[in-house]
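Predicted, not measured: the structure shown is a model, and the values here were computed from it.
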Amino acid sequence: MDNILDRVNQNNFQQSMLAITEFTINTEARLKGIIHLIYERALAHPTRSVTYANICRCLMGLRVPTAAKPGVTVNFRTLFLNRVQANFENMARNSCEIFRQKQEMVDAITKEEERQRVWEELEEAKTEERRQSLGNIKLMCELFKLKMLTEHVMHDVIVQLLKNQDDNSLEGLCTLLYTIGKDLDFKKARPRMDQYYNMIVKIVKNRTTSPRITSMLQDVLDLRKKETAQLGELVEKMEKTGLQADNDAEKHTGPGDTEPVLRPHYKSLAMKNQKLISTSIPLQENTCAHHDDKLKAEDSAAAWGATKKKKVNVQLKTCQQIIQEREEELQKLRQEVESLKKLPSITEAFDEVRTCASEMQQQFEDSSKLQFVEFSKSVEESLGPYTISSLSTSRQAVEEKDLQDLVELETVKTEEMYEQMDNILTSLTPKNFHQSMKVVSAFTIDTEDKLQGIIDSIYERVILNPTSAEVYAKVCNQLKGLKIPGVTVNFRKLLLNQCQKGFEKDNRKILKEKQRELDTTTEEEDRQRLREELEEAKAEGQRELLCNITFICHLFKLKMMTEGLIDYCIVKLIKDGDDDSLEGLCTILFTIGKDLDSEKNQPRMDEHYTQINLIQERRRTSPRIRYMLQDVLDRRTLHLYKGQKEDH
């Protein structure tokens with residue numbers, strides 16, 4: 001195994017894995033030995049961590065019986081990830097103790113030569129610790145890319161590194177963000193990532209680290225700023241060109257007969273955020289991130305140019321066709337005018353036509369009257385005594401059918417309104433806000449169901465795109481006075497009811513059922529699937545809670561939400577006291593803490609911050625939440641200090 005790890009590379013990877021599969025790994029000791037070799041090699045050669053992570057991915061399902069408990073098995077994935085996580089947690093703690101002991105030894109030595117030797121050993125130990133720490137973080141990043149580590153674990157790693165704030169930890173943080181920063185910085189997790197980068201900004205401003213680490217941290221900030229700017233420019237360019245989803249589908253699919261299949265992809269709300277990949281383009285697995293971004297930018301520019309050129313050609317062709325058709329019509333009219341000038345008397349011709357038409361009309365009326373009388377007699381003889389009731393029933397059926405058609409037509413119009421509202425919310429920006437609201441104001445919202453449907457569209461968009469919660473709150477502020485004649489509820493009341501339902505939504509029953517199913521399952525594959533479903537359900541519930549809280553805060557800023565309702569939310573979150581609730585509490589205080597801390601409300605806020613301080617001192621939460629709570633307390637202390645300073 002050691003020889004294979006020495007020479008394995010991308011070219012001989014499959015052949016090397018075939019050789020590994022021939023090993024007889026049937027005991028826990030052998031499995032741990034294999035794990036030890038792979039892990040030590042990954043730490044020693046961090047530049048090859050991609051290859052070693054792929055080996056782990058291939059061996060992930062390898063399972064052997066445990067020595068301590070007969071009948072119980074353990075797999076490669078569990079043992080390997082436990083080794084990685086344990087080493088990450090122990091490295092910083094153990095290294096600090098070792099460095100402290102060696103530093104004490106250096107300080108106690110009086111002889112210069114001996115002092116120099118011990119000092120060199122101390123520096124060598126620090127270098128080795130730094131190398132192993134970076135190798136471990138690099139390996140974790142590659143395991144995350146292969147979905148062997150979850151986002152939750154990587155966020156805990158980031159929090160721990162920010163909490164330590166020594167040079168080795170901050171260098172590891174830079175390595176992590178360079179490697180998987182893009183993968184973590186997606187829409188759902190962006191508020192959390194913003195908090196991390198804000199902390200990095202503080203560290204850079206305080207200049208408490210070495211110049212080398214400060215430079216690395218600044219590079220991380222510049223990289224994110226550049227990526228955000230590129231994304232913003234791309235979105236703005238797409239808005240200016242006005243490209244539609246159907247055009248994008250036509251550009252990517254190729255053959256015209258596949259367009260109807262892909263068109264629902266761009267009209268369905270649940271599928272709009274998915275990315276289509278052409279089957280005719282091979283995957284570029286070995287392309288580095290820098291060149292991959294460059295190629296994507298070039299492809300986007302080329303595609304945009306081709307689409308624009310195609311539009312111009314179509315418009316030019318259409319104009320030429322219209323001009324040609326108009327010229328043909330003009331030529332026909334000229335010919336008809338010329339033919340009329342050869343005619344002897346147009347008035348006489350029309351008089352003859354009128355006379356002939358009048359005679360034909362009289363003959364038709366006489367014939368119709370006779371036929372109708374004969375038809376009526378035959379109908380009465382065939383229908384008998386049930387004629388009146390049958391005709392009444394038939395008329396009623398026709399009226400019911402007309403009413404049903406009217407209802408279906410009204411339903412179609414309502415669905416079209418919802419679809420148009422959804423399109424407006426999707427493309428809404430501060431620039432087109434007023435124009436979009438003019439369109440919304442033209443909607444016919446004359447029933448409570450339609451009003452609730454509009455609110456559902458806005459709330460659903462908030463949950464899907466929390467970064468635009470401020471814009472959606474402004475939409476609600478424009479519609480807050482909307483009411484239905486004869487109905488007591490209005491837009492604001494229905495909206496607050498929706499927010500309250502989202503805030504008080506309890507997922508514990510669903511989580512308990514999934515946990516119960518997990519506990520009763522014996523097959524490892526099913527257990528792994530259920531674990532992933534349970535973690536996904538927890539993450540989804542937490543995401544919805546944070547999105548709802550962010551939206552509520554922006555409504556409060558616009559005075560659509562009262563201080564009493566916000567205080568109710570704070571009390572409930574403190575009372576629940578779990579990590580998810582406390583993260584929601586931190587979100588409220590980060591967003592509107594200053595607005596709540598008015599002179600009138602300050603005694604009440606003092607009580608809340610006292611409770612937060614007690615929670616922090618008990619240390620019953622995760623390190624990440626304790627870090628966030630401490631940040632909340634520090635922010636308030638700084639805010640009160642500035643206020644007192646301004647008063648003086």
(request) Could you tell me whether Lys163 atom NZ has more than 12 heavy atoms of other residues or ligands within 6.0 Å of it? (result) yes

(message) Do Leu495 and Met560 have side chains that approach each other closer than 4.5 Å (heavy atoms only, starting at C-beta)?
(response) yes

(message) For a quick test of reading the model, state the closest non-hydrogen atom pair linking Cys553 to Ile588 and the distance between them.
(response) SG-CA, 3.8 Å

(message) Around atom CZ of Arg531, are there more than 12 heavy atoms from other residues, nucleotides or ligands closer than 6.0 Å?
(response) yes

(request) For the pair Tyr459 and Phe551, name the ring-plane relationship: parallel under 30°, tilted 30 to 60°, perpendicular over 60°. (result) perpendicular

(message) When you compare the side chain of Asn465 with that of Ser468, does any pair of heavy atoms fall below 4.5 Å?
(response) yes

(message) Tell me if a side-chain donor or acceptor on Asp526 pairs with a main-chain N or O of Thr521 at a distance below 3.5 Å.
(response) no

(message) Any non-hydrogen side-chain atom of Ile137 less than 4.5 Å from a side-chain atom of Leu173?
(response) no

(message) Could you check whether Tyr472 and His554 have their ring centres less than 6.0 Å apart?
(response) no

(message) Just checking Lys147: does its NZ atom have more than 12 heavy atoms from other residues, nucleotides or ligands closer to it than 6.0 angstrom?
(response) no

(request) Without swapping roles, check the side chain of Arg63 against the backbone of Asn75 for a donor-acceptor pair under 3.5 Å. (result) no

(message) Tell me whether Asp631 is salt-bridged to Arg635, with the criterion being a basic N under 4.0 Å from an acidic carboxylate O.
(response) yes

(request) Could you tell me whether the side chain of Gln160 and the main chain of Glu89 form a donor-acceptor pair under 3.5 Å? (result) no

(message) Donor-acceptor pair, distance only, cut-off 3.5 Å: does the side chain of Asp578 make one with the backbone of Asp580?
(response) yes

(message) Within the 4.5 Å heavy-atom criterion, are Phe443 and Met421 side-chain neighbours or not?
(response) yes

(request) Would you check if His152 and His155 make a side-chain contact, meaning some heavy-atom pair closer than 4.5 Å? (result) no

(request) Give a yes or no on whether a salt bridge exists between Arg543 and Glu540, defined as a side-chain N under 4.0 angstrom from a carboxylate O. (result) yes

(request) Mark yes when over 12 heavy atoms from residues, nucleotides or ligands other than Glu617 sit less than 6.0 Å from its CD; otherwise mark no. (result) yes

(request) Verify the neighbour count for atom CD of Glu536: are there more than 12 heavy atoms of other residues, nucleotides or ligands below 6.0 Å? (result) no

(message) Is there a side-chain contact between Tyr609 and Leu614 in this structure, where contact means two heavy atoms from C-beta onward sitting under 4.5 Å apart?
(response) no

(message) Using a 3.5 Å distance criterion without hydrogens, assess whether the side chain of Ser49 forms a donor-acceptor pair with backbone atoms of Pro46.
(response) yes

(request) List the steps, then state whether salt bridge (charged side-chain N to carboxylate O under 4.0 Å, His left out) holds for Glu142 with Lys138. (result) CA-CA 6 Å; Glu142 298 303 333; Lys138 182 68 175 175; 3.7 Å; yes

(request) Supply the atom-to-atom distance Leu162 CG to Ile200 CD1, rounded to the nearest 0.5 angstrom. (result) 6.0 Å

(request) Return the set of residues passing salt bridge (Lys or Arg N to Asp or Glu O under 4.0 Å) with Arg527 (not counting sequence neighbours), or none when no residue passes. (result) none

(message) Please check: side-chain N/O of Thr78 versus main-chain N/O of Val74, any donor-acceptor pairing under 3.5 Å?
(response) no

(message) Determine whether a donor-acceptor pair (N or O, by modelled atom type, separation under 3.5 Å) exists between the side chain of Thr179 and the backbone of Thr175.
(response) yes

(request) Please check if any side-chain donor atom of Arg192 sits under 3.5 Å from a side-chain acceptor atom of Gln195, or the reverse. (result) no

(request) Could you tell me whether the side chain of Thr587 and the main chain of Leu546 form a donor-acceptor pair under 3.5 Å? (result) no

(message) Strictly distance-based, threshold 3.5 Å: is any side-chain N or O of Thr447 a donor or acceptor partner for the main-chain N or O of Lys450?
(response) yes

